[in-house]
Amino acid sequence: VRTDTIQGFDSYREYSANVSASTTFYGMVNFKKGRLRAIRHTVRPSIGYGYRPDFGKYYDEFQASLDPRDIREYTRFEQGIYGGPSRGESNSVAFSLDNVFEGKMIKKDAEEDEDTEKLTLLNNLNFSTNYNFALDSLQLAPVRMTAGTQLLKNKLNINFNASMDPYAINANGNRIDTWNIKNGGSLFRLTDAGLNANYAISSKEIGKNKSKQTGTDKRE
């Protein structure tokens with residue numbers, strides 16, 4: 001296949017429309033015994049709608065070999081700095097649910113019950129997915145989950161993510177337009193998951209530890 005470059009000016013236009021709405025709910029659970037006195041749950045649900053038409057009018061076809069059935073698509077913009085126009089219509093509704101869990105705890109050296117401190121139990125526990133009405137099958141996208149928390153005085157950060165697919169797969173491992181639970185499985189099928197952790201330490205803390213060791217040696 002020979003590719004010709006034709007000098008000149010040409011352009012294409014893309015457009016889309018989006019609208020979204022969100023709100024916030026708060027819930028509180030109080031405890032009368034123990035150091036943990038309260039847990040606050042913050043919930044932020046949101047929903048959005050987006051539409052993008054198919055820009056197939058900017059695409060043409062060519063025969064790539066001697067086989068007359070070997071027909072492929074191309075666009076004259078595909079080698080440009082911005083790439084080619086988008087293919088496929090998108091008419092989808094997106095859902096997300098963000099959660100934050102916080103606690104109120106009495107300090108260890110507190111003299112009164114009112115002497116409390118705030119701590120974060122879960123920085124985030126989020127779920128998101130979307131439903132594309134323009135598709136003829138597999139309209140619901142996999143549910144994406146992310147979670148994160150901080151431990152050891154907020155020095156250890158732990159983050160977890162996972163993807164859960166509501167559709168079943170066939171013997172070849174391809175998604176089929178059948179709910180996984182109807183195929184004898186669970187409500188969602190775990191497709192991937194990841195966990196990462198990092199710990200932050202400063203040079204000041206290292207210096208303090210060295211000074212303590214030096215002081216101990218002098219006293220001995």
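The basis for the numbers below is simple: all heavy atoms, side chains too, and nothing from hydrogens, waters or symmetry mates.
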Would you check, one step at a time, whether the test side-chain contact (heavy atoms from CB on, under 4.5 Å) holds for Y26 with T24?
CA-CA 7 Å; Y26 298 94; T24 303; 3.6 Å; yes
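- At least one donor-acceptor pair under 3.5 Å links the side chain of N170 to the backbone N or O of N172.
- Using modelled atom types, one finds no donor on one side chain facing an acceptor on the other under 3.5 Å when comparing E102 with T42.
- For the 3.5 Å distance criterion, the side chains of Y49 and N91 qualify, holding a donor opposite an acceptor.
- R37 and N30 are not linked by any side-chain donor-acceptor pair at a separation below 3.5 angstrom, with hydrogens and angles left out of the test.
- Between the CE atom in M164 and the CG atom in L190 there is a gap of 7.5 Å [rounded to 0.5 Å].
- Less than 6.0 angstrom separates the ring centroid of Y131 from the ring centroid of F133.
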Y82 and F77: CA distance, side-chain angles, deciding distance, ring pair (Phe, Tyr, Trp, His ring centres under 6.0 Å) verdict:
CA-CA 8 Å; Y82 298 108; F77 302 102; over 10 Å; no
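- At least one donor-acceptor pair under 3.5 Å links the side chain of R52 to the backbone N or O of G88.
- A distance of 9.0 Å separates CG in D98 from OG in S22, rounded to the nearest 0.5 Å.
- The main-chain N or O of S163 is found under 3.5 Å from a side-chain atom of T191 such that the two form a donor-acceptor pair.
- Between F101 and T149 there is no side-chain heavy-atom pair separated by less than 4.5 Å.
- Interatomic distance, CZ of R189 versus CD1 of I169, reported as 4.5 Å (0.5 Å rounding).
- Here the closest heavy-atom approach between residue N18 and residue G50 is recorded as OD1-CA, 3.4 Å.
- Heavy-atom minimum distance, N159 versus G148: OD1-CA, 3.7 Å.
- Remark: L119 CG to M105 CE distance equals 5.5 Å, nearest 0.5 Å.
- Of the possible polar contacts, none joining the N99 side chain to the N126 backbone as a donor-acceptor pair under 3.5 Å is found.
- D67 places a side-chain N or O within donor-acceptor distance of the main-chain N or O of R69, the cut-off being under 3.5 Å.
- For the atom pair L36 CG and I106 CD1, the distance stands at 9.5 Å (nearest 0.5 Å).
- Scanning both residues, E14 and S86, for their nearest heavy atoms gives OE2-N, 2.7 Å.
- Expressed to the nearest 0.5 Å, how far CG of N198 lies from CD1 of I158 amounts to 9.5 Å.
- Within the 4.5 Å cutoff, side-chain heavy atoms of M145 are placed close to those of F160.
- Counting only heavy atoms from C-beta outward, the side chains of R144 and F127 never approach each other to under 4.5 Å.
- Two different hydrophobic clusters hold L121 and M28 under the rule that ILVMFWY side chains link at heavy-atom gaps under 4.5 Å.
- In the hydrophobic clustering of this structure, I47 does not group with F25; members are Ile, Leu, Val, Met, Phe, Trp, Tyr whose side-chain heavy atoms approach within less than 4.5 Å, directly or through other members.
- For the pair E117 and K107, the minimum side-chain heavy-atom distance is below 4.5 Å.
- Contact annotation: the side chain of V143 never approaches that of F95 to less than 4.5 Å [non-hydrogen atoms, C-beta and beyond].
- For the residue pair Q150/N157, the side-chain donor-acceptor check at 3.5 Å is satisfied.
- Judged purely by distance below 3.5 Å, without hydrogens or angles, the side chains of E89 and Y51 pair a donor atom with an acceptor atom.
- Residue I176 is not grouped with residue L138 when hydrophobic side chains (ILVMFWY) are merged at heavy-atom distances under 4.5 angstrom, including chains of intermediate members.
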Could you please spell out the steps behind the side-chain contact (heavy atoms from CB on, under 4.5 Å) verdict for D165 and F188?
CA-CA 5 Å; D165 197 341; F188 290 99; over 6 Å; no
Would you check, one step at a time, whether the test side-chain contact (heavy atoms from CB on, under 4.5 Å) holds for V100 with R40?
CA-CA 8 Å; V100 178; R40 187 175 74 167; over 6 Å; no
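- Side-chain atoms of Y167 do not come within 3.5 Å of backbone N or O of P142 as any donor-acceptor pair.
- Within the 3.5 Å criterion, the main-chain N or O of S186 finds a donor-acceptor partner in the side chain of N180.
- Formation of a donor-acceptor pair under 3.5 Å by the T129 side chain with backbone atoms of A141 is found in this model.
- Judged by distance alone, with hydrogens and angles left aside, the side-chain atoms of S92 form no donor-acceptor pair with the main-chain N or O of N130 at under 3.5 Å.
- In terms of hydrophobic clustering, with Ile, Leu, Val, Met, Phe, Trp and Tyr side chains grouped at heavy-atom distances under 4.5 Å, F31 and L122 are assigned to a common cluster.
- Between E73 and R87 there is a salt bridge, since at least one side-chain N of the basic residue sits less than 4.0 Å from a carboxylate O of the acidic one.
- Listed for the T75 side chain is a donor-acceptor partner under 3.5 Å among the backbone atoms of Y58.
- Looking at N132 and S90, their side chains come closer than 4.5 Å, going by heavy atoms from C-beta outward.
- The side-chain heavy atoms of F55 and Y12, taken from C-beta on, include no pair separated by under 4.5 Å.
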